[in-house]
Number of protein chains: 2
Amino acid sequence: MPDRLPPLTALRAFDAAARHMSFAKAADELHVTPAALSFQIKSLEAHLGAPLFRRLNRAVELTEAGHALAPGASDGFQTLASAWRAAERTQDNQTLTVTAGPAFTAKWLAPRLYEFAQTHPEIELRFSASLKLMDFGRDAIDVAIRFGRSADEGLFSIPLAEEWVCPVMTPAMAASYPTPESLMDAPLIFDDSISFIKPKADWETWFKAMGLTFAPTYGPRFSQADHALDAALAGVGVVLGRRALVVKDLDDGRLVAPFPTAINTGVRFRFLCAQGAEDRPQIAAFRAWMMREIDKTAHITDGLTLIPSREIAAR
Amino acid sequence: MPDRLPPLTALRAFDAAARHMSFAKAADELHVTPAALSFQIKSLEAHLGAPLFRRLNRAVELTEAGHALAPGASDGFQTLASAWRAAERTQDNQTLTVTAGPAFTAKWLAPRLYEFAQTHPEIELRFSASLKLMDFGRDAIDVAIRFGRSADEGLFSIPLAEEWVCPVMTPAMAASYPTPESLMDAPLIFDDSISFIKPKADWETWFKAMGLTFAPTYGPRFSQADHALDAALAGVGVVLGRRALVVKDLDDGRLVAPFPTAINTGVRFRFLCAQGAEDRPQIAAFRAWMMREIDKTAHITDGLTLIPSREIAAR
DNA sequence: TCCTTCAGTTAAGTTATATTTAACTGATCA
DNA sequence: TGATCAGTTAAATATAACTTAACTGAAGGA
């Protein structure tokens, strides 16, 4: 589609000159002599049929045509440069950049990092804790862990373990609240991080699953799941813990889940990477390692009754 | 900033090949032989140190590196092409593309078009009726007429006439409603197009300016000012007409403004064009012509009392 | 005033890059 | 089996890009 472009070297010279507002500096940037740069810009102006710069005593300024061209030129070359960097990055099998939300980073990745580094000393792992959607091309991201229901178009995407929630607390606190009914008097912690999912997976839903009608609203609220868990770990109260985030603490006995009924949210964490990137050694290794780690803690679901939130909502 | 780019000709060859998924078609697009194209891509692959295409029996497909590069490359070249077109357009003094909202287009520009064409037969005028913000670089727009209070950064911007509103109606209808008080029983039309402006300029405000307390809510509502005016012209009722949009109809006697009190909204239409473009012949001509047209109807404000909406709100 | 410096230009010659022509490979398909 | 298609290769050539070196014209300090 892009037809009739001027000579690209000349356009590049113009871009550098426009950014620096100086031919000399532009020549420097491109590692050519000022003469070459001057010539390139002259040739570009010849192509256009009009000057792009107004040559002043000791400076240059853009003409109207130059003003029209400069921002797009800069933009275009930046896009090309970042695309090229993305292509170069695919040749790098030493580093692996993973992005995940703060909660998953803190409660799943961080505690397991040491183990990954042991198994794959050749891979330099980098983290970018952020929830905003990333473009695998533009941003320097290899793998994203995202929480959601559907697979994204045009990406390699595999679901991780089912995400259920159930009440978790410190062993000490569990002693004081032996039954689901007794939890109605317990200090409840609210994790608002999953309040957006459609059939709710909140305290009211869980009590409903237990045959109880109770819609608690008072208690500390956290917008980030890891903060809610930290509060529970500190003995502040009881929280509806998300499987992926509590599995380690349950395994290590820092938290317990005394009631064997969990709400299956229907939403999962997903492993995402660019189409075709799933075979790159460090990405394949990371994926295999994640899968192994999840398998290791699969037993946590044993003896639990999972009730889909959809089913509870329908009652 | 953009450092270490591969040879741009080679990158361009890659872009064409990736878009067509065929070296032959890409060679065709770039008007070179397939051999040249093959060579360019080979050189790009050498720069990267890895293949970008997998050569199959009778087709090519992108490798992972190719997948990483292709979208950005296409994007980048498209940006460059459109920037170049924008620069080319500044050399064109035959055409003039103006964008304005539907109401201004219908009620100000359209009725005066013929006259402009008479005075400037050499200029081919094009219209793009849209309210969305335009990028003078990207979109093929020379002049924008926009309604607002502040000037935009980095643009050439001059305010047009002060925009006031006052009740307008057909002469026939004016006969039945001789006083401001009587308007309280008149069929009132609501123009929601200026409902966003801060010190309101609505019916309640106008009645307040007349010392009357009346907040009408029933009556036909229009989201576009020109539709509200069309309704008034059809004799449906009385509308608070905006100066720029009613001036022609008042001048021609199709509408009358029997009450000499108008609300000064403090907001104006503005003439916008790219910085430096204000001197291009067709833009300068269009601007001068607009200013003359506004001057021609300046007398419409004679005898009117303009009360700033701010002042009415403060009462 | 004059001389120096700065920023960009010009011309001639050189080097590097891009392109063509023409012969070649290897797979598909009638 | 042979025609055709899609892409490759090699050698020759044309073109574009760059350098060196000399030049212009204005600003600014001694």
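- Using a 4.0 Å cut-off between a side-chain N of Lys or Arg and a carboxylate O of Asp or Glu, A:K296 and A:E293 qualify as a salt bridge.
- Regarding A:H31, its NE2 atom lies at a distance of 16 Å from the C1' atom of D:dT19, rounded to whole Å.
- Taking atom CG of B:D28 as the reference point, atom C1' of D:dA6 lies 14 Å away to the nearest angstrom.
- Along DNA chain D, the nucleotide closest to B:V60 and the one closest to A:F39 are compared, and the more 5′ of them pairs with B:V60.
- Residue contacts for A:A35: at a heavy-atom cut-off of 4.0 Å it reaches a base atom on one of the strands shown.
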Inset, instruction - Using the side chain to side chain contact (heavy atoms under 4.5 Å, CB included) rule, take B:E163 and B:N264 through it: C-alpha gap first, then chi angles, then the decisive distance, then the call. - result: CA-CA 6 Å; B:E163 188 80 336; B:N264 196 340; over 6 Å; no
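- Contact annotation: A:T33 side-chain N/O to D:dC18 OP1/OP2 distance is not under 4.0 Å.
- Computed from coordinates, the A:L56 CG to C:dC6 P distance equals 19 Å when rounded to whole Å.
- A:Q40 has its CD atom 13 Å from the C1' atom of D:dT19, to the nearest Å.
- Of the residues listed (A:F269, A:W108, A:F271), the one engaging A:F147 in a ring pair (Phe, Tyr, Trp, His ring centres under 6.0 Å) is A:F269, and it is the only one.
- Side-chain N/O atoms of A:K42 include one lying less than 4.0 angstrom from OP1 or OP2 on C:dT10.
- If A:P34 and B:V32 are placed on DNA chain C by their nearest nucleotide, the residue sitting closer to the 5' end is A:P34.
- The phosphate of D:dA6 (OP1 or OP2) has no side-chain N or O of B:R55 nearer than 4.0 angstrom.
- In this structure, the CZ atom of B:F23 is 15 Å from the C1' atom of D:dC5, given to the nearest Å.
- Nucleotide C:dA18 holds its C1' atom 13 Å from the CG atom of A:L8, rounded to whole Å.
- Separating the CD1 atom of B:I41 from the C1' atom of D:dT9 is a distance of 15 Å, rounded to the nearest angstrom.
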Inset, instruction - Step by step, work out the side-chain hydrogen bond (donor to acceptor under 3.5 Å, both in side chains) result for B:W289 and B:E115. - result: CA-CA 10 Å; B:W289 171 78; B:E115 217 251 328; 3.1 Å; yes
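- Look at B:T9 and you'll find a side-chain N or O under 4.0 angstrom from OP1 or OP2 of C:dA18.
- Between B:D142 and B:R126 there is no salt bridge, since no side-chain nitrogen of the basic residue lies less than 4.0 Å from a carboxylate oxygen of the acidic one.
- With rounding to whole Å, A:L30 atom CG is found 10 Å from D:dT19 atom P.
- Taking only side-chain atoms of B:S22, from C-beta outward, the nucleotide of D:dG7, D:dA17, C:dG8 with the closest atom is D:dG7.
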